[in-house]
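Let me begin by presenting the structure, written as structure tokens, before commenting on it.
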Amino acid sequence: MSDKMPFDIDVETMTRFVMEQGRKAKGTGEFTQLLNSLLTAIKAISCAVRKAGLAHLYGIAGSVNVTGDEVKKLDVLSNDLIINMLKSSYSTCILVSEENKDAIIVDPEKRGKYLVCFDPLDGSSNIDCLSAIGTIFGIYRKDCTESLTEGDALEPGRNMVAAGYALYGSATLIALSTGHGVNFFMLDPSIGEFILVEQNVKIKKKGTIYSLNEGYAKYFDPALAEYIQQKKFPEDGSAPYSARYIGSMVADVHRTLKYGGIFMYPANKKTPKGKLRLLYECNPMAFIMEQAGGVATTGTQPILDVKPESIHQRVPLIMGSPDDVEEYLSFVKKHQTTG
């Protein structure tokens with residue numbers, strides 16, 4: 001009979017982990033306040049996702065959001081949950097959501113020192129077929145003066161102090177970085193806490209998987225078309241890459257982070273500026289990817305160096321294992337030279 005205890009009596013929760021990091025940085029505890037409020041919203045969303053069919057939360061809410069996507073009932077619920085929890089945390093001053101046309105300026109009496117950009121429910125077109133979906137967030141420290149405007153939210157990703165995503169799949173997982181590597185936390189539903197399960201996550205230098213929507217192949221530029229052809233039919237005799245694409249950015253990027261390879265949502269003839277949004281999709285994921293040793297680029301510059309021009313700005317995105325992304329960029333340079 002094993003003498004191993006059935007319960008961990010010194011469990012490393014996400015709150016404990018962040019408090020320890022804050023103590024080392026001699027912080028005020030405001031960031032921990034913010035994160036705890038965000039965690040409450042994520043737990044509620046996780047519960048709602050699992051009860052969606054029973055609670056009649058499937059289907060379309062009857063409107064289209066500011067970026068042109070059909071709004072699902074769970075989108076609305078998730079957005080309201082996150083906004084309400086962040087406002088009441090007394091730690092935020094500006095909120096930017098995919099679901100809101102304008103930035104939300106927090107009332108002066110409830111303001112803190114952080115700007116939060118978030119996609120409340122990424123991949124929501126997959127809700128009704130029970131595929132993995134997620135929440136994405138990026139956090140910035142701001143000088144919260146009385147005269148805040150939407151323009152104060154236009155921060156380049158390089159200024160982020162933390163970023164992460166929640167993945168609602170076979171389990172609920174949060175990937176979090178505060179600028180010192182990436183850590184995974186899994187929700188233990190029996191105690192309602194996120195538990196540290198993987199520390200200092202690193203992506204492989206090179207993978208064997210490529211991920212993009214090949215349904216748009218007719219719109220691909222020559223560099224991308226040649227790169228994909230090379231992955232399918234390698235001229236050096238190596239094994240071809242596997243293709244994997246879920247259509248939920250959180251799920252596709254998480255798989256890329258775990259197994260290595262490359263995730264692409266590049267510009268094409270149909271969407272010349274790209275499709276994914278910079279502030280609340282690309283920047284947080286690029287922050288995580290770089291912290292894990294990967295690369296994230298528009299094809300011409302690092303994602304985190306892009307200066308935002310509007311809160312719903314779209315950009316091309318290529319990210320993943322450094323060798324794979326560099327190989328893709330070599331095809332881009334080749335066609336720029338010959339072009």
Side-chain angles (χ1 to χ4, degrees), residues 13-15 17-18 35 38-52 57 72 74-75 77-79 81-82 85 97-98 116-139 162-178 181-189 192-204 207 209 211 244-263 265 276-277 280-292 294 296 317 319-320:
T13 67
M14 189 167 173
T15 302
F17 181 86
V18 171
L35 207 63
L38 188 57
L39 287 182
T40 300
I42 287 170
K43 290 174 196 174
I45 294 167
S46 176
C47 182
V49 166
R50 279 156 177 71
K51 295 200 305 188
L57 289 171
K72 304 278 187 169
L74 269 174
D75 278 327
L77 174 76
S78 303
N79 193 46
L81 272 168
I82 293 175
M85 291 308 302
S97 169
E98 182 194 16
V116 184
C117 302
F118 60 93
D119 183 348
L121 205 60
D122 174 72
S124 55
S125 61
N126 286 321
I127 289 170
D128 293 1
C129 67
L130 305 182
S131 290
I133 50 182
T135 297
I136 307 172
F137 58 91
I139 302 170
Y165 60 82
L167 176 65
Y168 313 111
S170 54
T172 297
L173 174 141
I174 289 180
L176 176 72
S177 175
T178 56
V182 179
N183 300 288
F184 289 163
F185 301 83
M186 195 87 72
L187 179 62
D188 181 345
E193 291 285 354
F194 281 93
I195 309 301
L196 180 65
V197 292
E198 201 167 339
Q199 201 162 358
N200 197 25
V201 175
K202 293 296 180 187
I203 191 171
K204 290 178 180 177
I209 299 170
S211 179
R244 298 284 186 272
Y245 186 72
I246 297 168
S248 167
M249 184 190 185
V250 170
D252 282 315
V253 171
H254 183 70
R255 183 196 56 249
T256 303
L257 197 57
K258 285 288 289 182
Y259 300 149
I262 187 167
F263 169 78
Y265 216 120
L276 298 175
R277 274 68 56 143
Y280 42 80
E281 290 179 324
C282 299
N283 271 342
M285 290 307 214
F287 188 88
I288 290 284
M289 189 60 71
E290 284 199 6
Q291 285 292 318
L317 175 68
M319 62 166 52

Self-check item: ring-ring contact (aromatic ring centres under 6.0 Å, His included) partners of F185, counting only residues at least two apart
Solution: F17
Quiz item: Going from OG on S211 to OH on Y265, what distance comes out if it is rounded to the nearest 0.5 angstrom?
Solution: 11.0 Å
Self-check item: Contacts of type side-chain contact (heavy atoms from CB on, under 4.5 Å), residue A166, not counting sequence neighbours
Solution: I42, T135, Y168, I174
Exercise. Any chance you could measure L276, atom CG, to E281, atom CD, to the nearest 0.5 Å?
Key: 5.0 Å
Practice problem: Show the numbers, then the answer: is there a side-chain contact (heavy atoms from CB on, under 4.5 Å) between I136 and V250? | Solution: CA-CA 8 Å; I136 307 172; V250 170; 3.5 Å; yes
Practice problem: Report the residues that fulfil side-chain contact (heavy atoms from CB on, under 4.5 Å) with A251, sequence neighbours left out, ordered by chain and then residue number. | Solution: A132, L167, I246, S248
Practice problem: Check side-chain contact (heavy atoms from CB on, under 4.5 Å) between D188 and all other residues, then give those that pass, not counting sequence neighbours. | Solution: S190, I191, I195
Quiz item: About how many Å separate CG of L187 and NZ of K43, when rounded to the nearest 0.5 Å?
Solution: 7.0 Å
Self-check item: All ring-ring contact (aromatic ring centres under 6.0 Å, His included) counterparts of Y165, not counting sequence neighbours
Solution: H254
Quiz prompt | Partner residues of T15 under the side chain to side chain donor-acceptor pair (under 3.5 Å) criterion, sequence neighbours left out | solution = N36
Exercise. Any chance you could measure L257, atom CG, to K204, atom NZ, to the nearest 0.5 Å?
Key: 11.5 Å
Quiz prompt | salt bridge (charged side-chain N to carboxylate O under 4.0 Å, His left out) partners of residues 254-263, not counting sequence neighbours, each pair once | solution = E198-K258, D252-R255
Quiz prompt | Contacts of Y245 that satisfy ring-ring contact (aromatic ring centres under 6.0 Å, His included) - sequence neighbours left out | solution = none
Exercise. Could you grab the distance from atom CD1 of I209 to atom CZ of F263, nearest 0.5 Å is fine?
Key: 13.5 Å
Self-check item: Residues in salt bridge (Lys or Arg N to Asp or Glu O under 4.0 Å) contact with E193, at least two apart in sequence or another chain
Solution: none
Self-check item: N/O donor-acceptor pair under 3.5 Å between D122 side chain and M249 backbone
Solution: yes
Practice problem: Could you tell me which residues satisfy side-chain contact (heavy atoms from CB on, under 4.5 Å) with S177, sequence neighbours excluded, listed by chain and number? | Solution: V182, F287, I288, Q291
